[in-house]
Amino acid sequence: MADAFVAARAADPMVPRVARIAERKREIEDVVTLAIEGGAFDFAPGQFNMLTAFGVGEAAISVSGDPANGARLIHTIRAVGAVSRALAELRPGEPIGLRGPFGRGWPLLEAEGHDVVVLAGGLGLAPLRPALYRLLAEREKYGRIVLLFGARSPQDILFRDELEAWRGRLDLEVEATVDHARGDWRGNVGVVTTLIARASFDPARTLAMLCGPEIMMRFVANALHDMGVAEERIHLSMERNMKCAIGWCGHCQFGPVFVCRDGPVFPYSQLRGLIAKKEI
């Protein structure tokens, strides 16, 4: 019976499932990571699920865990509104509603044989983390891999232990920067675009994956393109107020596209004329 239900879930992501919180970890002051069990299914790095806090509402949250372990779904949540606060307050053993996965993920097949630049701002590291797990698990398929990460302050750096572990690898270049810091910070200070020029990659054979505030992604995408990275090989994960996950409600419309249905990952060549418009 259980196997049949999982098969049905894989065929129809709209079918809701009641799962449970297995683990809760506070990452930084307003961000927690939830491990969810009882809703196992495969997902592609970059996809998202619709999570329900019963009695409050439903929200679209990117999967932030290892795609090799679909039995335990990991989501990293910033508590900014009523639904996200209710989700972030859930404790181990409590129920959570789950449906998905939805959306278009990161182009990892397209990245094979290329240098890969992963560039994240703030919470944008969470949707990129599954891609990093896959890149490192299949390391031989890619050229240089570079992770550039920016945060507001040292206290806002996500997944600090994991970043330190990755920094110790010889096959991955990791650089972090913060917008501002006190005297005990020994790393880079400045916007994340300042890291690009000194990173080791060949723009002519690079695929880039970006996630963070839209203004950050716009400046980063422009900087990468100016260096010689082709527009169609720069990919951005967009965020909008996604309510239905299938493009019916219209809440996440972004010009002619719907973020939930057509994204959330888009090539920069598709968005370049849209992302610079403040009214969209």
Side-chain angles (χ1 to χ4, degrees), residues 27-33 45-46 48 60-64 75-80 84 103 105-107 116-133 135 145-164 166-167 172-181 185 187-199 201 206-227 229 233-242 254 259 263-268 271-272 274-276 278 280:
E27 302 287 353
I28 56 178
E29 182 179 359
D30 58 348
V31 175
V32 303
T33 292
F48 66 93
I61 306 292
S62 296
V63 186
S64 63
H75 295 79
T76 301
I77 303 168
R78 170 165 281 141
V80 294
S84 58
W106 300 108
V116 182
V117 176
V118 178
L119 206 149
L123 192 63
L125 183 58
L128 284 162
R129 192 164 68 148
L132 284 160
Y133 286 141
L135 289 167
I145 300 178
V146 178
L147 169 60
L148 306 177
F149 174 67
R152 289 174 297 183
S153 71
Q155 293 73 36
D156 294 308
I157 294 178
L158 284 179
F159 314 129
R160 184 183 292 268
D161 292 343
E162 201 161 37
L163 285 171
E164 287 301 321
W166 286 341
R167 191 190 293 272
L172 172 65
E173 179 180 346
V174 179
E175 295 290 344
T177 188
V178 297
D179 293 338
H180 53 83
W185 170 252
N188 300 295
V189 177
V191 295
V192 72
T193 50
T194 61
L195 300 177
I196 297 174
R198 60 192 193 207
F201 63 93
T206 289
L207 185 141
M209 297 183 286
L210 285 53
C211 190
E214 282 186 19
I215 189 170
M216 180 218 81
M217 290 195 293
R218 174 158 56 91
F219 280 104
V220 167
N222 286 337
L224 290 169
H225 185 247
D226 290 344
M227 291 180 66
V229 182
R233 290 205 301 270
I234 302 172
H235 294 263
L236 295 70
S237 182
M238 302 298 295
E239 285 193 8
R240 280 295 188 272
N241 187 14
M242 295 182 278
F254 187 55
V259 173
V265 175
F266 295 90
Y268 184 50
L271 297 184
R272 186 174 190 182
L274 298 171
I275 197 170
K278 295 180 180 179
I280 294 182

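None of the values given here were measured: they were computed from a predicted structure.
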Closest heavy-atom contact between [X] and [Y]?
X: G46; Y: P264; answer: O-CG, 3.6 Å
X: T76; Y: S64; answer: OG1-OG, 2.8 Å
X: L128; Y: L210; answer: CD1-C, 4.4 Å
X: V259; Y: F266; answer: CA-CZ, 4.0 Å
X: M217; Y: S237; answer: CE-O, 3.4 Å
X: A223; Y: I196; answer: CB-CD1, 4.1 Å

CD1 of I145 to CG of L207, rounded to nearest 0.5 Å, is 11.5 Å
To the nearest 0.5 Å, atom CG of L158 lies from atom CZ of R78 at 7.0 Å
Results of side chain to side chain contact (heavy atoms under 4.5 Å, CB included) for [X] - residues two or more places apart only:
X: S84; answer: I77, V80
X: A79; answer: R85, A88
X: A199; answer: V146, L148, E173, F201
X: A131; answer: P45, W106, L108, M209

Report task. Step by step, work out the side-chain contact (heavy atoms from CB on, under 4.5 Å) result for N188 and T194. Result -> CA-CA 9 Å; N188 300 295; T194 61; 5.9 Å; no
Residues that [X] engages under side chain to side chain donor-acceptor pair (under 3.5 Å), provided they are two or more places apart:
X: H235; result: none
X: T177; result: none
X: S153; result: Q155, D156
X: E239; result: none

With sequence neighbours left out, the residues meeting salt bridge (Lys or Arg N to Asp or Glu O under 4.0 Å) with D179 are none
With sequence neighbours left out, the residues meeting salt bridge (Lys or Arg N to Asp or Glu O under 4.0 Å) with R160 are none
Taken in chain and number order and not counting sequence neighbours, the residues that satisfy ring pair (Phe, Tyr, Trp, His ring centres under 6.0 Å) with F48 are F102
Do the non-hydrogen side-chain atoms of [X] and [Y] ever get within less than 4.5 Å of each other?
X: F219; Y: V191; value: no
X: Y268; Y: N222; value: yes
X: T206; Y: L224; value: no

The complete set of salt bridge (Lys or Arg N to Asp or Glu O under 4.0 Å) pairs with one or both residues in residues 116-131, sequence neighbours excluded, reads R129-E162
